[in-house]
Number of protein chains: 2
Amino acid sequence: MLMQKNQAFEHAEMTNETIYAGRSLSALFLASAMEPVSAGRAICWEGDEANHLFQVVEGVVRLYRIVGEGRRVITAFCFAGDLIGASLQSDFLFTAEAVTECRIRRVSRKSFHDEVARSDALHTAYISLLCQETAAAHEQMVLLSKKNAEERLCSFIAKLASRRNPQARQSLLRVPMNRQDIADHLGLTIETVSRTLTKLASRNVVAPEGRHDLRIVNLAVLTQLSGDADDFFEKSCHRVSLH
Amino acid sequence: MLMQKNQAFEHAEMTNETIYAGRSLSALFLASAMEPVSAGRAICWEGDEANHLFQVVEGVVRLYRIVGEGRRVITAFCFAGDLIGASLQSDFLFTAEAVTECRIRRVSRKSFHDEVARSDALHTAYISLLCQETAAAHEQMVLLSKKNAEERLCSFIAKLASRRNPQARQSLLRVPMNRQDIADHLGLTIETVSRTLTKLASRNVVAPEGRHDLRIVNLAVLTQLSGDADDFFEKSCHRVSLH
DNA sequence: CGACCGATTGATATGGATCAAAATTAGTGG
DNA sequence: CCACTAATTTTGATCCATATCAATCGGTCG
């Protein structure tokens, strides 16, 4: 049981808060049965009553909304350890679908909240998680609002890389989602994602190895190109000029 | 005192949860002194330690981040009754600036959390607020990711209108922010906002009256054009085809 | 009245979308 | 293991919505 729990958080490079929040809240799922979800299948649907929360134990999940005729927005990807539905009040505001083969656990919303209310530590962890979700959503708003295709893709890759999944010996990065998923997450088309990736490859920033792996050749440049490097030049300049 | 509190929530058209969340949490601010903030002045800065939460008692505030050289993203506008900084853990992730003359109150983060921890009702309200913030952020992600200029502007206006501020006799809507603010919130340029507005006016959807007022001529069409009308056609079609 | 600032309008440029193949890769059945 | 088919990705050609650059307009304030 404990092994299981730790396994879900094997990846390094998380903040202390994240680990704390994830760790303690994930204890609430340990009593639940593990459910396998095969790639492509839905875990919950937008509009349905949010009677459960889920934890991704293994695999990758996409959360998305459909807007108008066929336009899909992937608001987030969830990885091992992540909770699905923590920030919901009554209904699911997104559909959750397995990107890869997954294993998940579920708990009822009621029991989740009962447990959280019972423990200060869990409570803190829960608040912390909600705040992180908001922060992530804001980050994504910035990306969608002001970044060009290259910056978007570099941000995405850099973030994936910083998650440092187990498979990543040296600098080989697993990219479980397909091009369409990436496009729908970054607000681009599949063609633009492909072209941008080719361009990055030709500039020796990354080197695609098959559809689902990327060798990060130059992380420094990648970060630079992502547009949220701490080039304290620009940032401090602006900070000052605003006062 | 109580008058004050109610005044901040005079506008109708909010969900029950919103009212509840806002009402009870705003009690925490009543003991604090009212601080005037003149238009254009900052309330807090991105990067600073988030030692306080603020409540907007009167006026409108913009929350923004600066990305790269001079690109500004307004992640949200805050109105009377709204809290600023509820979803922050340690540092401010945005700068808050008065759009109009404002009056605000502040409480220390510590005392806020102490009080919230002490009351179940406050606690529920706080969670509720965080969830709403996340939902709003997701909504904005959809807008930035998949909507065109017209849909964005219509969404914005419709949302403003649904807030139904006091000045709104009949269908005259106050728009306190300038074109640049709107542009930076919608991920457009000032010119595109202006042109799109002109187009909407020529189609008799809205009628600008001065820089800061809009007469809503046809709310039905406005909602339709916003792209999140419940045209159960499309939606139900898609829901079905996905299963 | 003139200078200034925000908003509008106009002309042009462009990044990414769209439409259309071609090239890879993955699956399937023999 | 290989041939065949389907799906995904890449590449190419063209188009278009919005950005950019530039000029004008309308209100406001000294």
Query - D213(B) CG to dG6(C) P, straight-line distance once rounded to whole Å - result: 18 Å
Query raised in the report: What pairs with E150(A) under side-chain contact (heavy atoms from CB on, under 4.5 Å), at least two apart in sequence or on another chain?
Result: N148(A), C154(A), T196(A), K199(A), L200(A), R203(A), L225(A)
Query raised in the report: Considering only heavy atoms, which members of residues 147-158 of chain A lie under 4.0 Å from some atom of DNA chain C?
Result: N148(A), A149(A)
Requested in this report: Would you please test R72(A) and D181(A) for side chain to side chain contact (heavy atoms under 4.5 Å, CB included) and show each step?
Outcome: CA-CA 9 Å; R72(A) 184 181 71 162; D181(A) 287 335; 2.9 Å; yes
Query raised in the report: What do the steps show when you test D184(A) against Y64(A) for side chain to side chain contact (heavy atoms under 4.5 Å, CB included), and what is the final call?
Result: CA-CA 9 Å; D184(A) 287 348; Y64(A) 67 82; over 6 Å; no
Query raised in the report: Could E151(A) and R71(B) be called an ion pair, given the rule that one side-chain N must be under 4.0 Å from one carboxylate O?
Result: yes
Report task. Using heavy atoms to find the nearest nucleotide of DNA chain C for R211(A) and H212(B) separately, return the residue whose nucleotide is more 5′. Result -> H212(B)
Report summary line: Separation of dA26(C) atom P from N178(A) atom CG, nearest Å, is 13 Å
Query raised in the report: When you list every nucleotide of DNA chain D with an atom under 4.0 Å from a heavy atom of chain B, which one comes first 5' to 3', and which comes last?
Result: dT18(D) to dG26(D)
**Report entry** Contact summary for A98(B) and S38(B), nearest pair of heavy atoms
**Finding:** CB-O, 3.7 Å
Query raised in the report: Between L63(B) and H138(A), is a side chain to side chain contact (heavy atoms under 4.5 Å, CB included) present by the stated rule, with each step listed?
Result: CA-CA 11 Å; L63(B) 309 186; H138(A) 281 199; 5.8 Å; no
**Report entry** Nucleic acid contacts of residues 184-198 of chain A, taken as heavy-atom distances under 4.0 Å to DNA chain D
**Finding:** E191(A), S194(A), R195(A), T198(A)
Query raised in the report: Roughly how many Å is it from CG in L200(B) to P in dA7(C), rounded to a whole number?
Result: 17 Å
**Report entry** Test applied, side-chain contact (heavy atoms from CB on, under 4.5 Å); reference residue, L143(A); option that passes from M141(A), E139(A), K147(A)
**Finding:** K147(A)
Report task. Could you tell me which residues satisfy ring-ring contact (aromatic ring centres under 6.0 Å, His included) with F92(B), sequence neighbours excluded, listed by chain and number? Result -> none
Requested in this report: Please step through side chain to side chain contact (heavy atoms under 4.5 Å, CB included) for the pair V206(B) and L197(B), ending with a clear verdict.
Outcome: CA-CA 8 Å; V206(B) 297; L197(B) 198 54; 4.2 Å; yes
Query - Set of residues satisfying ring-ring contact (aromatic ring centres under 6.0 Å, His included) with respect to F29(B), sequence neighbours excluded - result: none
